[in-house]
Amino acid sequence: QVQLVESGGGLVQAGGSLRLSCAASGRTLSSYVMGWFRQAPGKEREFVTAITWNAANSYYADSVKGRFTISRDNGKNMVYLQMNSLKPEDTAVYYCAAARFLNAPTRDYNYDYWGQGTQVTVSS
């Protein structure tokens, strides 16, 4: 079992930045693909970004490419999401997730463990 806890969300003005963190416990994260997803009110959960076990590859949704950066520190069992140039449409609950396999890193069904989420609100 892997327990994931997100932090770092909050209220920020458009154009601002936030850094989300995901802390894992239970097992080392080094063998998991890690992803971030988000869900806005009234919308389905959507893929944001993912990173492979050794950070050799990362994947981004078109809507965040060039603005968001995913990173990981396996030694600390942490995953991060640096979000720059935030827009009101980035407002959502952001979830950290862990997957044992790299079958479909952009699909939520690929992930085995989920955090409870952290709210990000971007004001215009």
Side-chain angles (χ1 to χ4, degrees):
Q1 286 283 348
V2 175
Q3 293 79 44
L4 303 173
V5 178
E6 303 93 337
S7 61
L11 174 64
V12 64
Q13 288 188 332
S17 298
L18 280 176
R19 188 194 195 205
L20 304 184
S21 298
C22 174
S25 60
R27 288 188 177 180
T28 178
L29 281 186
S30 61
S31 58
Y32 290 86
V33 174
M34 298 301 299
W36 287 94
F37 289 75
R38 66 186 182 187
Q39 186 167 21
K43 294 188 177 181
E44 292 190 353
R45 185 165 56 192
E46 65 173 359
F47 169 76
V48 177
T49 180
I51 190 168
T52 53
W53 307 273
N54 58 359
N57 293 292
S58 56
Y59 310 84
Y60 293 92
D62 288 343
S63 59
V64 306
K65 207 170 287 184
R67 299 188 298 122
F68 290 11
T69 302
I70 189 171
S71 62
R72 65 191 299 162
D73 185 335
N74 288 338
K76 294 182 178 179
N77 251 18
M78 296 289 293
V79 179
Y80 305 99
L81 179 61
Q82 178 67 43
M83 305 186 295
N84 299 329
S85 302
L86 282 161
K87 304 175 182 180
E89 50 263 44
D90 295 318
T91 295
V93 176
Y94 282 71
Y95 297 91
C96 175
R100 288 170 290 178
F101 304 108
L102 189 62
N103 294 330
T106 66
R107 302 298 181 94
D108 57 3
Y109 60 73
N110 187 62
Y111 291 82
D112 305 290
Y113 304 101
W114 292 83
Q116 292 190 326
T118 184
Q119 176 70 47
V120 171
T121 303
V122 185
S123 63
S124 57

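Taking all atoms of both residues into account, the shortest heavy-atom contact from Tyr111 to Gly35 is CE2-N, 3.7 Å. Listed here is the closest heavy atom pair of Ser17 and Asn84: OG-OD1, 2.9 Å. In plain terms, the two heavy atoms of Pro105 and Phe37 that are nearest each other are O-CZ, 4.2 Å. Residue Ser124 comes nearest to Pro88 through the heavy atom pair CB-CG, 3.8 Å, listed as atom of the first residue, atom of the second, then distance. Thr69 and Tyr60 make their closest contact through CA-OH, 3.4 Å (heavy atoms, listed as atom of the first residue, atom of the second, distance). In plain terms, the two heavy atoms of Ser71 and Ile51 that are nearest each other are CA-CD1, 4.0 Å.
With Arg38 as the fixed residue, the side-chain contact (heavy atoms from CB on, under 4.5 Å) test singles out one of Thr91, Val93, Val64: Val64.
In this structure a side-chain-to-backbone donor-acceptor pair under 3.5 Å is missing from Asp112 to Phe101. Formation of a donor-acceptor pair under 3.5 Å by the Arg72 side chain with backbone atoms of Val33 is not found in this model. Without hydrogens or angle criteria, Trp114 side chain to Ala97 main chain gives no donor-acceptor distance under 3.5 Å. Ser85 places no side-chain N or O within donor-acceptor distance of the main-chain N or O of Arg67, the cut-off being under 3.5 Å.
If you take CG on Asn103 and CG on Asn110, they are separated by 5.5 Å, rounding to the nearest 0.5 Å. Rounded to the nearest 0.5 Å, atoms OH (Tyr94) and OG1 (Thr49) are 11.5 Å apart. In this structure, Leu18 CG and Leu81 CG are separated by 9.5 Å, a value rounded to the nearest 0.5 Å. With values rounded to the nearest 0.5 angstrom, Ser31 atom OG is found 9.5 Å from Trp53 atom CH2. One distance of note links SG of Cys22 with CG of Asn77; it measures 9.5 Å at 0.5 Å rounding.
In this structure, the ring of Phe47 has its center no less than 6.0 angstrom from the ring center of Tyr59.
By the 4.5 Å heavy-atom criterion applied to side chains, Met78 and Ser21 are counted as neighbours. In this structure the side chain of Thr28 never reaches within 4.5 angstrom of the side chain of Asn74, judged on heavy atoms. Contact of the Phe68 side chain with the Asp90 side chain is registered, since non-hydrogen atoms from C-beta on lie closer than 4.5 Å. Using a 4.5 Å cut-off on side-chain heavy atoms (C-beta onward), Met83 and Val12 make no contact.
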Expected list for residues 1-8: side-chain donor-acceptor pairs under 3.5 angstrom, two or more places apart:
{"unit_1": "Gln3", "atom_1": "OE1", "unit_2": "Ser25", "atom_2": "OG", "d": "3.4"}
{"unit_1": "Glu6", "atom_1": "OE1", "unit_2": "Gln116", "atom_2": "N", "d": "3.1"}
{"unit_1": "Glu6", "atom_1": "OE1", "unit_2": "Gly117", "atom_2": "N", "d": "2.9"}
{"unit_1": "Glu6", "atom_1": "OE2", "unit_2": "Cys96", "atom_2": "N", "d": "2.8"}
{"unit_1": "Glu6", "atom_1": "OE2", "unit_2": "Gly117", "atom_2": "N", "d": "3.2"}

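Residues Val79 and Tyr95 are members of separate hydrophobic clusters, defined by side-chain heavy-atom contacts under 4.5 angstrom among Ile, Leu, Val, Met, Phe, Trp and Tyr.
In this view, Asp62 and Lys65 satisfy the side chain to side chain donor-acceptor pair (under 3.5 Å) rule, not counting sequence neighbours. Here Tyr80 pairs with nothing under the ring pair (Phe, Tyr, Trp, His ring centres under 6.0 Å) rule; sequence neighbours left out.
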